[in-house]
4 protein chains.
Amino acid sequence: MVNQSATKEKIFQAALSLFNSKGYSGTSMREIAKAAGVNVSTIFYYYSDKGGLLEYCFVTYFEEYINILEKGMKQLESADPSTILKKIIHHLLDYQYQNYQLSRFVCREVSIDSQIVRETMTTYFRKERYLLQTIIEKGIEAGVFRKLSAGIVVIQLKGMLNQPFLNSIYTSEVWNIYFQDRYYIDQYKKQLEYWVDVFLSKKTSPVEKAIG
Amino acid sequence: MVNQSATKEKIFQAALSLFNSKGYSGTSMREIAKAAGVNVSTIFYYYSDKGGLLEYCFVTYFEEYINILEKGMKQLESADPSTILKKIIHHLLDYQYQNYQLSRFVCREVSIDSQIVRETMTTYFRKERYLLQTIIEKGIEAGVFRKLSAGIVVIQLKGMLNQPFLNSIYTSEVWNIYFQDRYYIDQYKKQLEYWVDVFLSKKTSPVEKAIG
Amino acid sequence: MVNQSATKEKIFQAALSLFNSKGYSGTSMREIAKAAGVNVSTIFYYYSDKGGLLEYCFVTYFEEYINILEKGMKQLESADPSTILKKIIHHLLDYQYQNYQLSRFVCREVSIDSQIVRETMTTYFRKERYLLQTIIEKGIEAGVFRKLSAGIVVIQLKGMLNQPFLNSIYTSEVWNIYFQDRYYIDQYKKQLEYWVDVFLSKKTSPVEKAIG
Amino acid sequence: MVNQSATKEKIFQAALSLFNSKGYSGTSMREIAKAAGVNVSTIFYYYSDKGGLLEYCFVTYFEEYINILEKGMKQLESADPSTILKKIIHHLLDYQYQNYQLSRFVCREVSIDSQIVRETMTTYFRKERYLLQTIIEKGIEAGVFRKLSAGIVVIQLKGMLNQPFLNSIYTSEVWNIYFQDRYYIDQYKKQLEYWVDVFLSKKTSPVEKAIG
DNA sequence: TATGAATGAGGTTTCATTCAT
DNA sequence: GATGAATGAAACCTCATTCAT
């Protein structure tokens with residue numbers, strides 16, 4: 001997260017912004033350099049490759065992402081599944097909100113099926129799978145969650161978690177909802193926590209009354 | 001949907017497949033030509049432009065997509081919101097399942113914020129918004145759906161609808177779930193219909209007992 | 001030898017001339033394009049690679065080179081070793097003289113120890129080795145040639161054969177000898193044939209009297 | 001020959017090795033730095049230029065080369081041409097053998113017709129010409145050598161002298177002869193001395209019986 | 001309808017080099 | 001004596017595209 005060199009960070013930010021609006025392949029190194037106010041060669045000095053820049057984005061994103069998951073992991077024994085899951089949703093949405101550009105880009109580019117994506121991603125996502133699956137299954141065993149397929153539930157959840165960042169043009173242009181704003185993110189967060197309570201959980205929690 | 005020329009269709013399919021695995025910008029006309037077994041110039045003959053090829057993909061996708069929505073539209077008066085919504089979910093998932101490659105590509109590329117995307121997409125999505133919003137609000141008015149923000153609900157729903165196609169590498173590599181298979185799509189479909197019943201709707205429907 | 005396309009040939013000649021004076025690595029594609037009067041892309045269209053251009057040079061050179069050797073091969077049974085060897089020397093020098101630029105370049109670049117050189121070259125030179133070694137050994141067995149190590153003799157011979165083309169700056173600048181001229185090549189040819197007669201062969205032939 | 005600084009020498013050796021396998025133009029400063037285990041800037045500190053490094057190679061090579069020739073020069077009056085020539089061949093081959101990499105590189109790069117090569121080389125080679133021509137002509141006058149063109153003879157001789165170093169891949173890969181080994185160099189040396197005796201000289205010397 | 005030849009613009013990357021430290 | 005950060009120029013190569021056929 002913390003960049004040693006100011007120049008390196010400047011390049012990173014410029015790249016992120018451009019990758020977001022034009023896609024990774026659609027962005028040229030020259031454009032990035034220009035946006036960062038450095039010479040093209042400087043990018044190669046720091047990231048060695050265009051691929052290196054991409055990898056750096058992925059690693060930076062997942063490093064913190066996995067951190068959040070691991071904090072959830074530690075509470076697996078002590079707290080109840082519903083609370084943990086809601087906490088994780090809370091932190092993930094917050095993290096993606098605070099790293100809007102990066103999240104948008106990674107969520108999007110991850111859907112490409114290239115070598116580098118496959119390799120980088122799979123490791124992180126296997127960890128994620130382990131955590132989420134465990135939580136869901138514990139909840140089911142404890143009789144708190146409904147008997148649903150853990151896989152399908154997680155895929156559903158992930159779809160919901162990414163959507164605000166993935167399709168931000170859609171949300172803003174069509175719905176006038178701006179997930180760069182705290183307000184909307186918080187609303188969406190509540191909705192997902194609510195989903196845990198009424199969709200996943202067998203009995204509706206007190207939160208339900210507050211919203212629905 | 002129906003291509004006049006076999007050659008044109010061949011090119012379309014080849015392009016689709018490549019766009020999916022390398023992205024639109026990451027795919028070159030030569031690659032498409034090679035994959036389609038035709039000369040590069042032939043692509044220009046049929047689609048005039050690389051942009052033309054992209055547009056053709058979008059139009060082809062949304063043509064049928066909007067068809068499905070419009071069928072739902074016609075039932076707005078006669079049928080109840082919950083049933084209509086479930087029908088739409090059913091048809092959309094089916095459509096995307098049957099046009100796997102195309103859906104994957106469009107869902108993904110739509111997240112880029114370029115001129116062409118913005119223009120093509122917005123028209124279709126505004127229609128979609130009108131329909132879905134109307135259904136949700138009618139349901140709320142009728143006291144069938146919970147009092148939720150229509151916008152947030154639709155965004156949530158769209159996230160869930162796209163996820164299986166967008167992140168197919170994720171689902172297959174990490175969860176061994178293959179949405180190219182009828183079986184998994186049907187399971188997922190049930191889950192979303194269930195979501196309509198227990199999350200959106202105030203009272204849990206009989207379906208709930210069957211699953212949860 | 002015969003180029004299908006006039007453009008391709010033009011590029012080839014321009015490349016050859018530049019490779020000779022600046023070396024392969026020292027010559028840029030742009031320079032070649034400019035010298036050939038075509039666009040840079042055209043070179044890539046025909047040769048696909050800078051490496052492809054290099055390979056084309058090698059193959060073109062060795063194709064005819066090996067032809068000459070194979071003609072010598074066929075006479076192995078019928079003619080005497082001394083005559084065959086002199087014929088080969090005669091034809092090789094003629095060939096190199098007629099393809100001055102190409103020979104100069106290949107002889108020089110062959111001394112680099114890269115992958116492509118190793119691969120292309122070895123095949124041809126093994127054939128050459130077989131022929132020359134056979135001739136020398138036959139001559140020794142027949143008691144016509146002195147008992148010398150065939151390997152050392154061939155290396156010595158090859159050094160002499162290449163020298164005029166390899167170091168043409170040296171010969172012209174220091175000795176005012178121009179091997180682009182028939183006259184000098186013929187003189188040099190005589191010298192090497194003479195070498196066969198008095199150095200390789202046991203008894204000095206009548207030719208000796210004519211020269212020495 | 002004697003490098004003041006160990007670092008400077010390290011760089012020199014690394015450069016030599018790389019120049020040999022990839023050519024001068026084909027080798028980058030970074031590669032040299034990496035091979036030498038120093039920073040790129042260090043090379044510039046010691047040699048100021050890439051050209052400076054090249055010049056240093058040439059000068060280092062020719063300094064000793066010309067020394068050997070000058071020693072021969074001094075004996076022009078006292079000793080007989082045949083003996084002097086053989087001594088020179090002996091010392092030159094020894095020198096090139098002991099500075100294998102350097103000789104290989106210089107012999108090869110000298111064949112390029114660039115400004116720097118022309119300038120550096122010509123001075124040294126004119127000296128060489130004077131010595132060798134004088135020896136040959138003296139021999140002819142004295143009736144010891146055959147009446148041959150001095151120029152052609154020297155060119156022939158130089159071809160033979162360089163071949164083992166120039167085409168070392170050829171000799172090793174095709175003939176399994178390794179001129180890095182004393183044994184093979186000595187054999188080759190004998191062959192060339194023999195060449196002086198039977199080809200250049202009118203009457204065969206006693207050495208002939210020993211070999212042929 | 002379909003192609004091969006050719007191109008200009010721009011892509012990524014590497015190069016030798018400098019400068020402050 | 002030696003280095004790391006940074007650069008401008010130019011390297012190789014690919015791109016979408018056109019045009020004559």
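Every chain is numbered from 1 and lettered A, B, ... according to where its sequence line falls, protein lines coming before strand lines.
Put simply, D:Tyr45 has a side-chain N or O that comes within less than 4.0 Å of OP1 or OP2 on F:dG1.
D:Glu55 pairs by the salt bridge (charged side-chain N to carboxylate O under 4.0 Å, His left out) definition with nothing, not counting sequence neighbours. A search for side chain to side chain contact (heavy atoms under 4.5 Å, CB included) contacts involving D:Asn20 returns D:Gln101, D:Arg104, D:Phe105, not counting sequence neighbours. Residues passing the side chain to side chain contact (heavy atoms under 4.5 Å, CB included) test with C:Asp49: none are found, sequence neighbours excluded. The side chain to side chain contact (heavy atoms under 4.5 Å, CB included) search around C:Tyr61 returns C:Tyr65, C:Tyr95, C:Gln96, C:Leu102, C:Ser103, C:Val106, C:Cys107, not counting sequence neighbours. In terms of the side chain to side chain donor-acceptor pair (under 3.5 Å) criterion, residue partners of A:Tyr170 (sequence neighbours excluded) are, by chain and number, A:Trp175, B:Glu128. Scanning for side chain to side chain donor-acceptor pair (under 3.5 Å) contacts around C:Tyr46 gives C:Ser5, with sequence neighbours left out.
Rounded to whole angstrom, the span from the OH atom of C:Tyr46 across to the C1' atom of E:dA6 amounts to 8 Å. Atom OH in C:Tyr47 sits roughly 16 Å away from atom P in F:dC12 (whole-Å rounding). Atom CG in D:Leu18 sits roughly 12 Å away from atom P in E:dA16 (whole-Å rounding). The distance between atom CD1 of B:Ile11 and atom P of E:dT3, rounded to the nearest whole Å, is 9 Å. To the nearest angstrom, C1' of E:dT14 lies 14 Å from CD1 of D:Ile32. Between the CD1 atom of D:Ile43 and the P atom of E:dT18 there is a distance of 14 Å, rounded to whole Å.
Among residues at least two apart or in separate chains, salt bridge (Lys or Arg N to Asp or Glu O under 4.0 Å) pairs with a member in residues 21-47 of chain A are A:Lys22-A:Glu31.
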Pairing string, 5' to 3', for DNA chain E - Watson-Crick or wobble contacts under 3.5 Å, brackets [ ] where pairs cross, | to another strand: .||||||||||||||||||||
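Under the 30°/60° scheme for interplanar angles, the aromatic rings of C:Tyr124 and C:Phe62 are found to lie parallel.
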Could you pull out the protein-nucleic contacts involving nucleotides 9-13 of chain E (nitrogen or oxygen on both sides, under 3.5 Å)?
unit_1, atom_1, unit_2, atom_2, d
E:dG11, N7, A:Arg30, NH2, 2.9
E:dT12, OP1, A:Thr27, O, 3.4
E:dT12, OP1, A:Lys50, NZ, 2.9
E:dT12, OP2, A:Met29, N, 2.5
E:dT13, OP1, A:Asp49, OD1, 3.3
E:dT13, OP2, A:Lys50, N, 2.9

